[in-house]
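I have placed the structure first, in the form of structure tokens, so that the comments after it can refer back to it.
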Amino acid sequence: MNSNKKLRLGVISALAEEQEGLVEAMKGPHKLTHAMRDYTQGNLWGIDAVCVLSRIGKAAAAMTAAILVEKFEVTHIVFTGVAGSGDIFVKVGDIVVAESLVQHDMDARPLFPRFEVPLTGLSRFPSDLALSDHLAFSAQDFLSDELKSVFNEVEAKEFGLDEPRLHRGLIGSGDQFIHSRAQLGQLKEALPDLLAVEMEGAAVAQVCFELGIPYAVIRTVSDNANEDAAVDFMRFVRTVASRYAFHVVKRLCERLVGRT
Ligand code: ADE
């Protein structure tokens, strides 16, 4: 966060619901459509930002991140969205901020160890600590101070938003929507410290690592990556995820103003 270059923040989500309200909140928005995606540049609570929807999956996310850096000259990237729980202590409604990310479907054995991205020497990509700290503080403040005013009692009860918690640790990304206990169990066996599963973060991590761009990933837990995952996911994304993302990104921008 101490770079001499003026901060320009790229904000990526896979789906519109995971980023609802951000483009509308921008001052002086300017939309440019490139390679089938809308990139909107403008000012978000004092921060020069570019918002974009990547769509789902690792290739879509990697392409979006690379374009944000190469064409829109962002200096930092935050990915915000939802994830399936990867641990019994991580509940629906909790937030996970990545300390590192793994492409859980990368497997070039016997040429390279399982999960290692060939010729990078890495299986886990560490996120930027300073940016992740800002994001984690923003998320914690949102959960502690604002959640009860953002959701009414009926909504909180329906979605089990009962004292949601913030976690920091390993997020796994793959081109699979994990929707069975067996699938998740196999991943957990190989990655015991896995906290959440999603489909984009580790691809953005690889792009940012290779381009030397600090990045952070935040995920609201929408489902338990089990047989009910698809139903829980749709309900949660529509009603809850957008409000989490909006308030956390707002708090992040407010924190970042003056610290860059
Ligand atoms: N995103 C949200 N829930 C997910 C799941 N169960 N698997 C993969 N990505 C997800």
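Remember, it's 1-based here, ligands and their atoms both numbered in the order they're listed.
Each of the atoms 2 (C), 3 (N) of ligand 1 lies under 4.0 Å from some heavy atom of Phe233. Every atom of ligand 1 is numbered from 1 in the order shown, and the set under 4.0 Å from a heavy atom of Ala225 is 6 (N). When each atom of ligand 1 is checked for a heavy atom of Asp223 under 4.0 Å away, the hits are 2 (C), 3 (N), 4 (C), 5 (C), 6 (N). Within ligand 1, counting atoms from 1 as listed, the ones closer than 4.0 Å to a heavy atom of Ser222 are 2 (C), 3 (N).
Remark: distances from the non-hydrogen atoms of Gln176 to ligand 1 include one below 4.0 Å. Ligand 1 has no atom lying under 4.0 Å from any heavy atom of His179.
Among the atoms of Ile178, some N or O lies under 3.5 angstrom from an N or O of ligand 1. Of the N or O atoms in Gly84, one or more lie within a sub-3.5 Å distance of an N or O in ligand 1.
A salt bridge links Glu200 to Arg219: at least one charged side-chain nitrogen sits closer than 4.0 Å to a carboxylate oxygen. A salt bridge does not link Asp94 to Arg165: none of the charged nitrogens lies less than 4.0 Å from a carboxylate oxygen.
Between Phe236 and Tyr244, the angle of the ring planes lies from 30° to 60°, which puts this pair in the tilted group.
Following chains of ILVMFWY side-chain contacts shorter than 4.5 Å, one can reach Val257 starting from Leu135, so the two form part of one hydrophobic cluster.
Put simply, the side chain of Val11 reaches to within 4.5 Å of the side chain of Leu22, judged on heavy atoms.
Between the side chains of Ser173 and Glu198, at least one donor-acceptor pair of N or O atoms lies under 3.5 Å.
In this structure, atom 10 (C) of ligand 1 lies nearest to the protein heavy atom Val197 O, 3.6 Å. When only non-hydrogen protein atoms are considered, atom 9 (N) of ligand 1 lies nearest to Glu198 CA, 3.3 Å.
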Item to check | Residue pair Lys250, Glu254: steps toward the salt bridge (Lys or Arg N to Asp or Glu O under 4.0 Å) verdict | outcome: CA-CA 6 Å; Lys250 178 171 187 283; Glu254 288 166 351; 3.0 Å; yes
